[in-house]
Amino acid sequence: MPDDRVRVRYAPSPTGDPHVGNIRTALFAWLFARHTGGDFIVRIEDTDTARTQEGSLEAILESLRWLGLEWDEGPEVGGPHSPYVQSQRRELYQNAARSLVEAGHAYYCHCTPERLHEMRKEQQRLKQPTGYDRLCREAGRGPDGDPSPVVRFKMPLEGETTFNDLIRGEVTFANATVDDFVMLKSDGYPTYHLASTVDDHLMDISHVLRAEEWLPSTPRHVHLYDALGYDMPLVAHLPIILGPDKSKLSKRHGDVALLQYREMGYLPEAMINFLALLGWSLDNHTELLSRDDLVNNFSIERIVRSAAVFNLEKLTWMNGVYIRNLGEEELAERIAGILDESLSQEVARPVSRDYVRSITPLVRERIRTMTDIPELTDFFFLRDLDYPPADLVQRGLEPADTANALDSTVERLAGVGEWTAEALEGELRPLAEELNVKTGQLFGAIRVAVTGRKAAPPLFETMAVLGRDLCLERLRKAVASVSTVD
């Protein structure tokens, strides 16, 4: 492998379903790898056994697959399509911790959880920074407690640690603000700091792209890499994602598990485009970028420092654009698949693909998410419509006027030869004038009668698809229904 080959990793913890910010990190790493011709590696950091949740690993991998973020390698034991899993590599971390203790860079800490709790309470009472007081480091051993001690790293007590962040430039922390952190827990599992350092070295990771929240931990990693004799990868801490009100992103802003967006009818193409613009941009105006566009143009230099804003309305707009840009056949097939699952049991399955293809042009412009489809199209399939009879009565008309207009419509349409949109419009526009009603009033009543909706796709095209028999049946029922309106 060439020394300058880009190798990045996405290293989630299976402590819950991945959300927007977590997957944004994966996307940026994947785009960087694909842009440079490098490698994208998935590594599951499951060493926090107390917080690991059943099903989380499957949700992580399914999220990546949904977006098409394929990874390039895996352990031989699981094959190339299995990710690396840290719990299967514990011996590597334990050996590293042992070597650091032997070299004088780390020490065993026997302090009990009770002592640490009381220590933090006292620090808070005295309004001091909380952190380990280095009792075991200074005493050489410390008080006896749990027979299985933790291993802590010896941070420098004075001076500063400076490193270069690819997004933020030179960053400096005072060493006094960083305590002696735990590397190896009493159960023999490593913490993130040790495990990620060892794995990044063994996997030849060249760049680490991670969330801004890890920035204060970087001084720990700088000294840990140095103590182990490793070369540290280049680091880039991605900007935080906020809600539209500039507060911390939460469920009310749309911060839900990524796969929920699939259930809500968003396309993976739209989600990738949207996530890529959370902290990165091609220029000051381009908003719609295909996967190939993103791969060809992505660079770390164009990632911004300032917080990104998650705007659900923008995602929904973008999703609608992607839906409208689907090919006619592809969109029709997707619509048919959704209708097969969502329509009532009275509708035969599978729905006619030819019929769906005739409906698709009528609803294409109105779809924002794929979950809109059942509501936009169900009247094409239902035998009986359910709507308030009062909806038939248009503003400026009385129920009797409406009944007369609809009855006249039935008489006029019964004699139509070719049931096309053009022929229907040619018959009904003159009828409005003959009845001395506005075209909007007549067409509004007909629209409710044949669709059950006040707003629907273009009226005459819709009637052409519904067909002569169904339209006339619904119009006759509407005449009877409007007679019940006071």
Side-chain angles (χ1 to χ4, degrees), residues 17 19-20 55 58-59 62-63 65-68 251 254 256-274 312-389 391 447-459 461-467 469-471 473-474 477-478 481:
D17 293 346
H19 285 222
V20 168
E58 291 74 15
E62 181 60 22
S63 296
R65 293 187 182 109
W66 179 54
L67 295 181
K251 285 186 178 180
V256 297
L258 185 85
L259 291 178
Q260 285 188 253
Y261 285 100
R262 181 175 66 178
E263 302 305 314
M264 292 188 290
Y266 290 88
L267 301 184
E269 304 96 315
M271 183 60 67
I272 284 179
N273 190 161
F274 177 75
L312 185 58
E313 290 183 1
K314 181 176 180 179
L315 171 59
T316 302
W317 163 80
M318 188 175 286
N319 194 65
V321 173
Y322 273 89
I323 290 173
R324 291 189 289 276
N325 286 339
L326 290 174
E328 199 78 25
E329 191 68 26
E330 181 180 359
L331 179 56
E333 189 58 37
R334 294 199 193 194
I335 290 174
I338 290 171
L339 293 176
D340 280 339
E341 295 181 1
S342 64
L343 289 175
S344 64
Q345 294 303 311
E346 66 184 78
V347 180
R349 305 293 198 285
V351 297
S352 165
R353 268 34 182 182
D354 287 339
Y355 189 48
V356 172
R357 277 191 285 272
S358 68
I359 294 170
T360 299
L362 304 182
V363 299
R364 171 190 287 274
E365 296 299 319
R366 304 184 66 208
I367 305 173
R368 299 189 309 159
T369 71
M370 300 304 282
T371 52
D372 293 340
I373 289 168
E375 183 177 356
L376 290 173
T377 62
D378 61 358
F379 66 85
F380 284 103
F381 298 89
L382 300 176
R383 198 74 209 170
D384 296 313
L385 302 180
D386 182 19
Y387 59 88
D391 286 355
R447 177 176 291 106
V448 174
V450 299
T451 70
R453 313 285 178 78
K454 293 182 178 180
L459 176 60
E461 288 81 354
T462 297
M463 293 175 68
V465 170
L466 286 170
D469 293 344
L470 186 57
C471 284
E473 178 185 334
R474 288 179 176 179
K477 288 182 177 180
S481 178

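Taken from CD in Glu375 to CD1 in Ile367, the straight-line distance is 12.0 Å, to the nearest 0.5 Å. Glu461 contributes atom CD, which lies 12.0 Å from atom OG of Ser358 (distance to the nearest 0.5 angstrom). Note: Leu385 CG to Arg453 CZ = 8.5 Å, rounded to the nearest 0.5 Å. To the nearest 0.5 Å, atom CD1 of residue Ile323 and atom CG of residue Leu267 are 5.0 Å apart. Taken to the nearest 0.5 Å, the CG atom of Leu67 stands 7.5 Å off from the CE atom of Met271.
Among residues two or more places apart in sequence or in another chain, the side chain to side chain donor-acceptor pair (under 3.5 Å) test is passed with Asp384 by Lys477. The ring-ring contact (aromatic ring centres under 6.0 Å, His included) check on Tyr355 picks up Phe381, with sequence neighbours excluded. Judged as a side chain to side chain donor-acceptor pair (under 3.5 Å), and not counting sequence neighbours, Thr462 has no contacts. Listed by chain and number, the residues in a side chain to side chain donor-acceptor pair (under 3.5 Å) with Glu62 are Arg262 (sequence neighbours excluded). Here Asp354 pairs with Arg357 under the side chain to side chain donor-acceptor pair (under 3.5 Å) rule; sequence neighbours left out.
No donor-acceptor pair closer than 3.5 Å links the side chain of Arg474 to the backbone N or O of Ala449. Looking only at distances, no side-chain donor or acceptor of Asp17 sits under 3.5 Å from a matching main-chain atom of Ser63.
For the residue pair Leu376 and Val363, the shortest heavy atom distance occurs at O-CG1, 4.1 Å.
Sorted by first then second residue, the ring-ring contact (aromatic ring centres under 6.0 Å, His included) pairs that include residues 317-349, not counting sequence neighbours, number zero.
Atom CD of Glu263 has more than 12 heavy atoms from other residues, nucleotides or ligands within 6.0 Å. Glu330 CD: more than 12 foreign heavy atoms inside a 6.0 Å radius.
A salt bridge is absent between Asp372 and Arg366; no separation between the charged side-chain nitrogens and carboxylate oxygens falls under 4.0 Å. Salt-bridge annotation for Asp340 and Arg353: present, with a side-chain N of the basic residue lying under 4.0 Å from a carboxylate O of the acidic one.
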task: Could you walk me through whether Val465 and Ile359 pass side-chain contact (heavy atoms from CB on, under 4.5 Å), step by step?
output: CA-CA 7 Å; Val465 170; Ile359 294 170; 4.0 Å; yes
query: Going through the distances and angles, do Tyr266 and Thr316 end up as a side-chain hydrogen bond (donor to acceptor under 3.5 Å, both in side chains)?
result: CA-CA 8 Å; Tyr266 290 88; Thr316 302; 2.7 Å; yes
